[in-house]
Amino acid sequence: MLKLYWKYFRITIVGLIVSCLTVIIAPSFDSYSLEFNYLSHSITPSSSIILAQSSKKSEESLTEEDGEKTTEEAEKDSVEVQEADVLVDGKAIFTIKTSLGELSPESRAKTAMSNLEDVAQNNAITPEQIRIVNLKELGLVQADDTIIITFAEEDAEAESLTFSEFLNKRREEIENAIIDYRKARTKTSISQGIGKAIIATIIAILSLYLLKKVLPSIFDRLRAWQRERLDSVEFQGLQFISGRQVAQFISFLFTVTRIFLVFLVFYIYLPLVLSYFPWTQPIGIKLLSNFWDSINLVISGILSYIPNLFIIAVIGLIAYYSIRFARIFFNAIGEERIRINGFYPEWSEPTYNLIMFFIIGLSGILIFPYLPASNSAGFQGISIFAGALFTLDSTAIVGNIVSGIVLIYTRSFQVGDVITANDKAGRVLEKNMLTTRIMTPDNEVITIPNATLLASDITNYTASIRDQQRPLVLKTTVTLGYDVPWRKVHEVLINAAKDSEGIIENPEPFVLQTSLDDFYVAYTIKAFTNTPEKMALTYSKLHQSIQDKCNEADIEILSPHYAAIRDGHQITIPENYLPSDYQAPGFRVESLGNSRKENNHNQQEQ
């Protein structure tokens, strides 16, 4: 079994061997110990961990003027005294909070730990021999001839105790520390440590074995679920992630989880084994302390964040149900189950979108202060950067959005309307917050920014049909000579309109004589249609019908310009206005010779 899982147990076995060697070899080096500084690691003749920081001192400011050094400003910051713990086997016995003369708390703690360890290793000194020696303003904790530590009245004042109470308390703490130090190095304690290490090793092996058995089973079930429910990630027919990529991601996630759990088992196992033996106990305690501090930090962070999470949840629920209520309300307006004077049904959807955007934005603003690290410099930097981008680059975007909103509420056009805007005519395909897309009769799709569209004149050919149930008027102009009777022209044009495809019968078409020019009369035929989207085709059919009807009525569609040679020409007044016996004059024909004689005669006279 060990051979099968050798790759999982190698670190465990090495750790156990190192622990056993430590138990066997370490007692012969009792005079030496390992000391860890808070900031760096170095080997010193002490087995205790010292937690202290060096004090900070400010330098004097010196200035030079005219070759002579003079001190104009000499400021010194007050020395910040750092506390230092006196540790034995990684356990804090007491804390030194004040300096003694030039000795900092760190220096005093190092000296006290070294002296305390010397006394603890000397079995000839019993704990009862530890006594207090009172000197002038000082108190010594002494064992035999060894002074363990010296205290001053400032130490007692730092803990709000009388000097005698303080010294007795420190003596008891030192006595208990020596007892525990010696007890931890007895054969019974060492045997118990070995037993605990063996039990921890067995538990670690079982944990790795369970991970070996359970994790693949979970992975297989996850893969089966993925094949059935999440073969690929698609949106509106577009595949973003294939099934193979999803499977690779799950495999990667499984591998990372397995490595993390194996690492976690070893990280807990090794410090536990080290903490069972006095010579490696400081290392084990330090590692375990870091581990539990991390766990406590996470748990305390989660627990302290619960009130914020509750507030976020309340804001989220209010926003969610506000959006749902707005959806129901504006759906009812759009379906005209609710009527509000002056509020049109087509405004329901854009108004709902605006209200939803406002609710989400307001919720985000309210939630932001309760987010983790919302007050951090990084979060603030991202906010400033995003605000700068929005300010510098969004002028055109904001202008188009505002123009789109104005176009919606001015009801200039709707999707499906036939319009002419910015010299472009076509049917509206899409209208969003930034642009409007129209399709021309030639199937050309034109995208127009809303700001440009708002600044141009918009002609809507569909609005009167939709809003007022009035058909669209189509008009075209024909110019004919004065010799054609106007009543006949009216009749022909009206009949041509009635016979045109796309023209409705009611209201009936009518003709207007829009101008009497020098050489012709302008007749404008106006007809009605309910299909503005077919306007170009309807115009074409109307023009074709006019041509056919005019040809059938012997009406020439022209605008005649007369060169008036009156002899032999029909007068331009219509026949029904002429006398019944009127006849057009005939042409006079003369020979070419007579014309030449007449011309010569005229020249001689001149």
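When a residue number appears, it is its place in the shown sequence, counting from 1. Note that these values count all heavy atoms, side chains included, but never hydrogens, waters or copies made by symmetry.
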Whether over 12 other heavy atoms sit under 6.0 Å from Y409 OH: yes
I need the L167 CG to E153 CD distance, nearest 0.5 Å. 9.5 Å
Atom pair CD/CG of Q129 and D145 - distance to nearest 0.5 Å: 10.0 Å
Taking atom types as modelled, is there a side-chain donor on Y276 or Q192 under 3.5 Å from an acceptor on the other? no
Can any side-chain N or O of T95 pair as donor or acceptor with the backbone N or O of A84 at less than 3.5 Å? no
Go through I359 and I318 one step at a time and tell me if the side-chain contact (heavy atoms from CB on, under 4.5 Å) criterion holds. CA-CA 9 Å; I359 292 174; I318 294 174; over 6 Å; no
Which residue is it: T146, I148, V141, T111? I am looking for the one with a side chain to side chain contact (heavy atoms under 4.5 Å, CB included) to L116. I148
Can you name the nearest heavy-atom pair linking S99 to S104, along with the distance? OG-CA, 3.8 Å
Would you check if the side chain of S189 reaches a backbone N or O of R185 as a donor-acceptor pair within less than 3.5 Å? no
Any donor-acceptor N or O pair under 3.5 Å, side chains T162, E165: yes
I want to check something: taking the side chain as every heavy atom from C-beta on, are F357 and L362 in contact at a cut-off of under 4.5 Å? no
Residues E117 and N115: side-chain donor-acceptor under 3.5 angstrom: no
With the threshold set at 4.0 Å, does a side-chain nitrogen-carboxylate oxygen contact exist between R131 and E175? no
Just by distance, no angles: are the side chains of T351 and S348 close enough, under 3.5 Å, to form a donor-acceptor pair? no
For the atom pair NZ (K183) and OG1 (T188), what is the distance rounded to the nearest 0.5 Å? 9.5 Å
Do side-chain atoms of R182 reach the backbone of Q121 as a donor and acceptor pair under 3.5 angstrom? no
Which heavy atom of A152 sits nearest a heavy atom of L100, and at what distance? CB-CD1, 3.6 Å
Tell me whether S304 contacts the main-chain N or O of S300 through its side chain, where contact means a donor paired with an acceptor under 3.5 Å. yes
Could you give all pairs that pass the side chain to side chain donor-acceptor pair (under 3.5 Å) test and reach residues 311-334, with sequence neighbours left out? R327-N331, R327-E349
Nearest 0.5 angstrom please: N450 CG to N432 CG, how far? 6.5 Å
Show your working on side-chain contact (heavy atoms from CB on, under 4.5 Å) between I96 and E83 and close with a plain yes or no. CA-CA 6 Å; I96 298 177; E83 298 179 357; over 6 Å; no
Taking side chain to side chain contact (heavy atoms under 4.5 Å, CB included) as the criterion, tell me which of L210, V214, L208, L211 meets it with L261. L211
F368 and its side chain to side chain contact (heavy atoms under 4.5 Å, CB included) partner, picked from L371, L366, I365: L371
Within a reach of under 6.0 Å around CZ of F325, are more than 12 heavy atoms found that belong to other residues, nucleotides or ligands? no
Which atom pair, heavy atoms only, marks the closest approach of I130 to A143? CG1-CB, 4.0 Å
Whether D155 and R108 form a salt bridge (side-chain N of Lys/Arg under 4.0 Å from carboxylate O of Asp/Glu) is what I want to check. yes
Please report the C-alpha distance between I205 and Y269 in whole Å, then the side-chain angles of each, then the deciding distance to 0.1 Å, and finally whether the side-chain contact (heavy atoms from CB on, under 4.5 Å) criterion is met. CA-CA 10 Å; I205 292 173; Y269 163 74; over 6 Å; no
Taking all non-hydrogen atoms of both residues into account, name the closest pair between A92 and L87 and its distance. CA-CD2, 3.2 Å
Decide yes or no on side-chain contact (heavy atoms from CB on, under 4.5 Å) for L354 and F358, but give the supporting numbers first. CA-CA 6 Å; L354 289 174; F358 173 77; over 6 Å; no
From N122 atom CG to D118 atom CG, the distance as rounded to the nearest 0.5 Å: 8.5 Å
Residue pair F260 / V265, side-chain heavy-atom distance below 4.5 Å: no
Any donor-acceptor pair under 3.5 Å from S114 side chain to K110 backbone: no
Geometric class of the F330/Y352 ring pair [parallel <30°, tilted 30-60°, perpendicular >60°]: tilted
Note, T186 side chain near I190 side chain (heavy atom, < 4.5 Å): no
Any heavy-atom pair between the side chains of L140 and N134 that's under 4.5 Å? no
Mind listing the closest non-hydrogen atom pair of I93 and A177 along with its distance? CD1-CB, 3.5 Å
Interatomic spacing from CD in Q248 to CG in L253 - rounded to 0.5 Å: 13.5 Å
I'd like to know if E173 pairs up with R170 as an ion pair, taking the criterion as any Lys NZ or Arg NE/NH1/NH2 lying under 4.0 Å from an Asp or Glu carboxylate oxygen. yes
Note: Y305 and Y370 closest approach over all heavy atoms is OH-O, 2.8 Å
4.5 Å side-chain heavy-atom contact, S294 and V298: no
Taking the cut-offs as 6.0 angstrom to the six-membered ring centre and 45 degrees off its axis, would you call R221 and F219 a cation-pi pair? no
